[in-house]
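Taking it in order: structure first as structure tokens, then the write-up.
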Amino acid sequence: MLSVHRILLRGSALSGVSKPTRRMLSSKPQKSEVDIIRERTSLPAFQELLLNPATKPIDIIAELEKSTIYDNHFGFKDISRVMPFAFSWDGSTDACIEQLNTSKIPKERLPGSHFSTPMVTVFDYINENVCGHPGLIHGGMTATIAHTTMMLAAVLNARKGARIVSKSLNMDYRKPIYTENFVKVHAWLYEREEENFKAALHIYSLKDEILVEATSNLAVESL
């Protein structure tokens with residue numbers, strides 16, 4: 001159903017991690033789903049968006065199903081992951097830009113004012129079930145999170161029932177993502193050419209460090 005015709009990867013999920021650190025990363029007991037949800041809800045960054053008048057919570061599964069995208073794309077069923085929590089942003093790009101580190105983004109790649117929902121934000125908990133090396137998320141799972149979040153942004157702006165197909169995915173791994181931690185993910189649309197969207201994404205630590213940058217070209221197809 002979904003295809004990626006071109007994937008460009010830069011960096012590594014292990015960039016900047018010493019061997020002694022890698023050996024120390026794995027032995028914590030895993031948290032329960034209830035504990036993860038409770039901790040996520042208490043995060044200041046989560047509370048900020050919950051109270052922000054420019055955002056609203058969205059049902060990820062329901063939105064992806066509108067585009068016939070299967071609901072396991074975040075990998076939360078088969079590998080026992082807690083479903084991420086997502087917010088959509090209204091058409092005010094100023095509010096979106098305030099959330100982004102715009103000094104790191106070319107002007108032409110800022111959220112587009114011609115989209116009804118220019119950006120989505122996802123809070124995701126990275127557990128040991130998605131690690132490559134002990135204590136570090138597998139780079140393929142990072143790409144899955146990035147790809148699906150950008151697809152979600154496109155779904156919210158496509159006509160009902162359209163299928164979103166990924167034509168390319170470019171990943172730039174800046175810093176390692178440690179398991180047993182939350183990440184905040186912003187994905188936004190910045191350009192539309194006929195039936196094609198251009199999307200961009202940042203994955204942040206809760207200290208607002210950019211861990212991963214990504215871009216994607218997405219095609220809107222009729223069913």
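Residue Leu218 comes nearest to Met151 through the heavy atom pair CD2-SD, 3.5 Å, listed as atom of the first residue, atom of the second, then distance. Across Ala199 and Leu189, no two heavy atoms sit closer than the pair CB-CD2, 3.7 Å. Shown here for Cys96 and Pro118, the closest heavy-atom pair between the two residues is SG-CG, 3.8 Å.
Atom OG of Ser32 sits about 7.0 Å away from atom CZ of Arg38, to the nearest 0.5 Å. Note that CD of Glu191 and CG of Asn217 are 8.5 Å apart. Values are rounded to the nearest 0.5 Å. Atom CD1 in Ile145 sits 4.5 Å away from atom CG in Asp124 (nearest 0.5 Å). To the nearest 0.5 Å, atom CG of residue Asn170 and atom CG of residue Leu201 are 12.0 Å apart. Gln99 CD to Asp208 CG: the interatomic distance, rounded to the nearest 0.5 Å, is 8.0 Å. Between the CE atom in Met119 and the CG atom in Leu156 there is a gap of 12.5 Å [rounded to 0.5 Å].
Seen from the ring of Tyr204, Lys184 counts as a face-on cation partner, given the 6.0 Å and 45° thresholds.
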Given Leu211 and Arg174, is the side-chain contact (heavy atoms from CB on, under 4.5 Å) satisfied, shown in steps? CA-CA 5 Å; Leu211 307 175; Arg174 294 302 183 93; 5.8 Å; no
Open item on the list: Could you walk me through whether Tyr125 and Ile37 satisfy the side-chain contact (heavy atoms from CB on, under 4.5 Å) test, starting with their C-alpha distance in whole Å, then the side-chain angles of each, then the deciding distance to 0.1 Å, before giving a yes or no?
Closed with: CA-CA 9 Å; Tyr125 182 76; Ile37 293 173; over 6 Å; no
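A search for side chain to side chain contact (heavy atoms under 4.5 Å, CB included) contacts involving Pro53 returns nothing, not counting sequence neighbours. Shown here are the ring pair (Phe, Tyr, Trp, His ring centres under 6.0 Å) partners of Phe46, two or more places apart in sequence or in another chain: Phe85, Phe87, Phe123.
Under the 3.5 Å distance criterion, the side-chain polar atoms of Ser205 are matched with a main-chain donor or acceptor of Lys207. Side chain of Thr55 to backbone of Leu49: a donor-acceptor contact under 3.5 angstrom is found. A donor-acceptor pair is defined here as one N or O able to donate and one able to accept, closer than 3.5 Å; no such pair exists between the side chain of Asn52 and the backbone of Leu50. Listed for the Trp188 side chain is a donor-acceptor partner under 3.5 Å among the backbone atoms of Arg109.
Checking Tyr173 against Glu213 by side-chain atom types alone, no donor-acceptor pair falls below 3.5 Å. No hydrogens or angles considered: nothing links the side chains of Thr117 and Asn157 as a donor-acceptor pair under 3.5 Å.
The local environment of CD in Glu209 is crowded, with over 12 non-hydrogen atoms from other residues, nucleotides or ligands closer than 6.0 Å.
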